[in-house]
Participant: 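Let me give you the structure first, and then I'll get to my questions.
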Amino acid sequence: MLKRADLELAEGKRLEPQAGEVTIRVGYVGLCGTDLHVYHGNMDHRVCPPGVIGHEMSGVIEAVGNDVEGFAAGERVVVRPLDYCGDCPACSAGHSHICHNLKFMGIDTAGALQSYWTVKARTLHKLPANVDLRRGALVEPLAVACHDVARARVAAGEKVVVLGGGPIGQLIALVARARGADVLISEPTAVRRAYAANAGFATFDPATGDLAAHVMDWTGTKGADVVFEVAGVQATVSAMTDIAAVRGRICMVAIHSTKPQVDLFRFFWRELELVGARVYEAVDFDAAIALIASGQVDVDALITSVHPIDQVQAAFETLDSPDPGMKTLLECEA
């Protein structure tokens, strides 16, 4: 198994771009929960040593292959790290982001945690002049949140509860607020509640009180119009049906390692709606970039530590600590 001791920095080989490809000089790479699963050896069936991980990134185009249009050397970009087949039923229906044969770059194939990364040009999105590379590394997780909020059809004036105040939960709250929603974040960890409170969100500690009663009071006995389940534990699955309003919408964001028990009677009784949300589409990357560029979403406060790439071990130890902060970045340029 791939253990933590097997994580190392090594000399790589720069791949020249072929037709339809570009080579990117990587600027920053963000670390996330998926990378932590790899670090612990829980994804050995997909990541084989000496695999290169990392998928939240920003960088500058270094070289362009033949047949690439619309991109040039020197442009700052981010990568939408999904390699789809284009032929399966999902792709044919316009849902290539959940392709039946999808390869997630940085897990199933080589990722961004290297000085130069060669990828298909179809995965690129340009960064505007006022979005620097540090902020650009937050585009990918913000695109996750944009997709989640779009799937849940959040509208202005709605009451939204986010169950789980980690980085994705915080980003969902920011995007929902940008759409005009009123947001409450339920999170048992004091540090994460503090981040949410500093960002101006209502918070609740489910370990010390009755979340359902609190939400009913917060919404005037109606319940939440939209609930995001981001924590991935049975307690939040149970809570999501308890706090949803009549005909409320629940968006399942978290990945569950075991099958949770769901209160289907509550779905029947209140005519609830459950939607799944996996990764993102191109429009979600465009939306994320626009939110950062316009200042509607401030991602700077979420960047809590930045390490040079030669401190990759220290970066993962930060991510794996009791206080991982929000976003750890690795700077890949010398």
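Computed from a predicted structure; not experimentally measured.
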Participant: Is any side-chain N of the basic residue among R247 and E271 closer than 4.0 Å to the acidic one's carboxylate O?
Facilitator: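 Salt bridge between R247 and E271, a charged N being under 4.0 Å from a carboxylate O: yes.
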Participant: So, E273 and R153, do they make that salt bridge, N to O below 4.0 Å?
Facilitator: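 Here E273 pairs with R153 in a salt bridge, since their nearest N and O are under 4.0 Å apart.
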Participant: Just checking, any donor-acceptor pair under 3.5 angstrom between side chains of E229 and H256?
Facilitator: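 On atom types as modelled, these side chains qualify, holding a pair under 3.5 Å.
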Participant: With a 6.0 Å cut-off on ring centres, are Y280 and H97 close enough?
Facilitator: no
Participant: Distance to the ring centre below 6.0 angstrom and angle to the axis at most 45 degrees; does that hold for R193 and F201?
Facilitator: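 Not flagged: R193 not positioned over aromatic ring of F201.
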Participant: Hey, are E158 and R249 close enough for a salt bridge, meaning a charged N less than 4.0 Å from a carboxylate O?
Facilitator: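 So E158 pairs with R249 through a salt bridge.
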Participant: Answer yes or no for K126 and F71: cation-pi contact, defined as NZ/CZ to six-membered ring centre under 6.0 Å and angle to ring axis within 45°.
Facilitator: yes
Participant: Taking the side chain as everything from C-beta on, heavy atoms only, tell me whether Q234 gets closer than 4.5 Å to T258.
Facilitator: no
Participant: Closer than 4.0 angstrom, basic N to acidic O: yes or no for R46 and D108?
Facilitator: yes
Participant: Closer than 4.0 angstrom, basic N to acidic O: yes or no for R80 and E281?
Facilitator: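 No, this pair does not count.
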Participant: Would you say M43 and T34 make side-chain contact, with heavy atoms under 4.5 Å?
Facilitator: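 Answer yes - side chains close enough.
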Participant: Between K120 and D83, is the closest basic N to carboxylate O distance under 4.0 Å?
Facilitator: yes
